[in-house]
*Asks:* 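I have a structure I would like to understand better, so I am pasting it below and will then ask my questions one at a time.
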Protein chains: 2
Amino acid sequence: MKRAEKKGHLVDVAIEMFNRYGYHAVGVDSIIAEAGVAKTTLYRHFETKELLIAAALQKMDEQFRVDLRTFSADASTDPLGQLFASFDFLESWFSAATFYGCPFIKAAGEYNDTNQIFQEVILHKRLIIAYFEELIRAAGLANPEQLAEEINLLHEGAIALAQVTRDASVAQKAKAVARKILIP
Amino acid sequence: MKRAEKKGHLVDVAIEMFNRYGYHAVGVDSIIAEAGVAKTTLYRHFETKELLIAAALQKMDEQFRVDLRTFSADASTDPLGQLFASFDFLESWFSAATFYGCPFIKAAGEYNDTNQIFQEVILHKRLIIAYFEELIRAAGLANPEQLAEEINLLHEGAIALAQVTRDASVAQKAKAVARKILIP
DNA sequence: TTAAATCTATACCGATCTGTATCGTTAGTC
DNA sequence: GACTAACGATACAGATCGGTATAGATTTAA
């Protein structure tokens, strides 16, 4: 592995473990052991564990939004179709073996007072809503702000329910509600 | 304080701290210090920390469902009105200073592999859905199972969003969506 | 009043936590 | 090929983790 890839690999390993066990539950010793890296190396790239968590959230945010856009674009050329496809994206996410609930809500639940981490969560959610609003405007629907928030509401609900029920079909149920909202 | 009340007080203190900081983040030493109780006392009532968490979840489940039923009954005599009132209940919860997101989703995020805790979460969510279904049946609406799941979807979404945005008005937005679903 | 149960206080256990220090080795760059 | 920066390995620091042991004080129930 090249030097430049080490930092990225470290974050990838951290992401996987944080998602599975939670942020406090995973110690840096476990991460370096899993990544096959010395402790000194980790702390050269990230001053503190919280900064590693922040970096993990940033990477997940980017990955999630890119993957969502790609998935929707592949599913439909129509903006409204892309908005509906976002629920299919959720379904595929829920079906993955690596799904353990929303890593951002999880982070907000464990670090609601540390600004560094909480701000990353807020930023991510804002960007997701912005994407929904973008699609709704492109579709020419009325009240794009309000509708985007409502779609986001359904997304968050589906993610939380899927985490508990471990049933990927909640994504389609949320999609059905979205249909009622968007196509009156 | 009477002896019998000590266990209850211990759970109350634990609930407050778990909600605020998370489950892993709060150690038993912090709990006993805040409760003004010796460590031996805690471990006489609860064999392990996980059992204390399970007890906290049980108490929160009962409190939440009783409070929800009471709030809805006070708000309306009509089952459909009570169902809508459940979103007002959420709003008052979100407005409280002690709101730090859903303690059950938080627990599921930190202990998704320990059955003891995760099962409490599943049970709570099932009982909430059952209550929604009960109201919908009383209202004489069609597809009560499906509608109950959709209302629950909106509840979960509102809770998750309120945790991040710290804006209690998302409850009313969820209520507006519920209106679109229930009154076509 | 007496005996059993529950309490407080404290010290302790081994493990783990985040983070640092040291040092020899490996790799990329000029 | 030499310089330099990043690496691995290890030991260590001080704090905290969940949980136990012990002993004395206090309360409850017979």
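Since the model is a prediction, treat every value here as computed from it, not as a measurement. Residue numbering restarts at 1 for every chain, and letters A, B, ... go by the order of the sequence lines.
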*Asks:* Just the rounded figure in Å: distance from P of dT10(C) to CD1 of I32(B).
*Replies:*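 Taking atom P of dT10(C) as the reference, CD1 of I32(B) is at 12 Å.
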
*Asks:* Could you give the CD-to-P distance, from E5(A) to dA6(D), as a whole number of Å?
*Replies:*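 About 16 Å, once rounded to whole Å.
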
*Asks:* For dA6(D), take OP1 and OP2 only and decide whether either is under 4.0 Å from a side-chain N or O of K7(A).
*Replies:*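 It does not, given that no N or O in the side chain of K7(A) lies less than 4.0 Å from OP1 or OP2 of dA6(D).
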
*Asks:* Does the ring centre of Y23(B) sit less than 6.0 Å away from the ring centre of H24(A)?
*Replies:*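 Centroid separation for H24(A) and Y23(B): 6.0 Å or greater.
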
*Asks:* Taking five pairs at each end, how big is the angle between the two axes of the helix from dT1(C)-dA30(D) to dC30(C)-dG1(D), to 10°?
*Replies:*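 Axis angle across the helix from dT1(C)-dA30(D) to dC30(C)-dG1(D), nearest 10°: 30°.
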
*Asks:* Could you tell me which non-hydrogen atom of A162(A) sits nearest to which non-hydrogen atom of V170(A), and how far apart they are?
*Replies:*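 Heavy atoms only, the tightest pair is CB-CG2, 3.7 Å.
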
*Asks:* Check if the side chain of T40(A) and the base of dA6(D) share a donor-acceptor pair of N or O atoms closer than 3.5 Å.
*Replies:*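 When only heavy-atom distances are counted, T40(A) does not reach the base of dA6(D) through any donor-acceptor pair under 3.5 Å.
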
*Asks:* Which whole-number value in Å describes the distance from F46(B) CZ to dT20(D) P?
*Replies:*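 The answer, rounded to whole Å, is 15 Å.
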
*Asks:* Assess whether atom OH of Y21(B) is packed by more than 12 heavy atoms of other residues, nucleotides or ligands within 6.0 Å.
*Replies:*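 No - once you tally the heavy atoms of other residues, nucleotides and ligands closer than 6.0 Å, there are 12 at most.
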
*Asks:* Taking atom types as modelled, is there a side-chain donor on Q116(B) or E120(B) under 3.5 Å from an acceptor on the other?
*Replies:*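 Side chains of Q116(B) and E120(B): no pair found under 3.5 Å.
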
*Asks:* Do Q172(A) and D88(A) pair up side chain to side chain, a donor and an acceptor below 3.5 Å, judged on atom types alone?
*Replies:*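 Judged by distance alone, the side chains do pair up.
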
*Asks:* Give me the residues of residues 52-59 of chain B where at least one heavy atom lies under 4.0 Å from an atom of DNA chain C, by number, or none.
*Replies:*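 Within residues 52-59 of chain B, no residue comes under 4.0 Å of DNA chain C.
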
*Asks:* Mark yes when over 12 heavy atoms from residues, nucleotides or ligands other than E34(A) sit less than 6.0 Å from its CD; otherwise mark no.
*Replies:*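 Open: at most 12 neighbouring heavy atoms sit under 6.0 Å from CD of E34(A).
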
*Asks:* Roughly how many Å is it from CG in L42(B) to C1' in dT6(C), rounded to a whole number?
*Replies:*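 In whole Å, dT6(C) C1' lies 14 Å from L42(B) CG.
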
*Asks:* Tell me whether the NZ or CZ atom of K7(A) lies within the 45° cone about the ring axis of F46(A) and under 6.0 Å from its centre.
*Replies:*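 Yes, a cation-pi geometry.
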
*Asks:* Which atoms form the tightest heavy-atom contact between Y43(A) and T48(A), and what is the distance?
*Replies:*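 Looking at all heavy atoms of both residues, the closest pair is CE2-CA, 4.3 Å.
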
*Asks:* With respect to E150(A), which candidate in K175(B), R179(B), K180(B) satisfies the salt bridge (Lys or Arg N to Asp or Glu O under 4.0 Å) definition?
*Replies:*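 Output: one option passes, namely K180(B).
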
*Asks:* Strictly under 3.5 Å: I want the nitrogen or oxygen pairs between protein and nucleotides 14-19 of chain D, one per line.
*Replies:*
from	atom 1	to	atom 2	distance (Å)
dG18(D)	OP1	K49(B)	NZ	2.6
dG18(D)	OP2	V28(B)	N	2.9
dG19(D)	OP2	Y43(B)	OH	3.1
dG19(D)	OP2	K49(B)	N	2.8
dG19(D)	N7	K39(B)	NZ	2.9
dG19(D)	O6	K39(B)	NZ	2.4

*Asks:* Taking all non-hydrogen atoms of both residues, which atom of Y111(B) and which atom of I117(B) are closest, and how far apart?
*Replies:*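 Looking at all heavy atoms of both residues, the closest pair is CG-CD1, 3.7 Å.
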
*Asks:* Looking only at the side chain of R44(A) (C-beta and beyond, no hydrogens), which of the listed nucleotides dC7(D), dT22(C), dC7(C) gets closest?
*Replies:*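 The answer is dC7(D).
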
*Asks:* Check whether the side chains of S169(B) and D167(B) place a donor and an acceptor atom closer than 3.5 Å, and report yes or no.
*Replies:*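 The answer is yes; a qualifying pair exists.
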
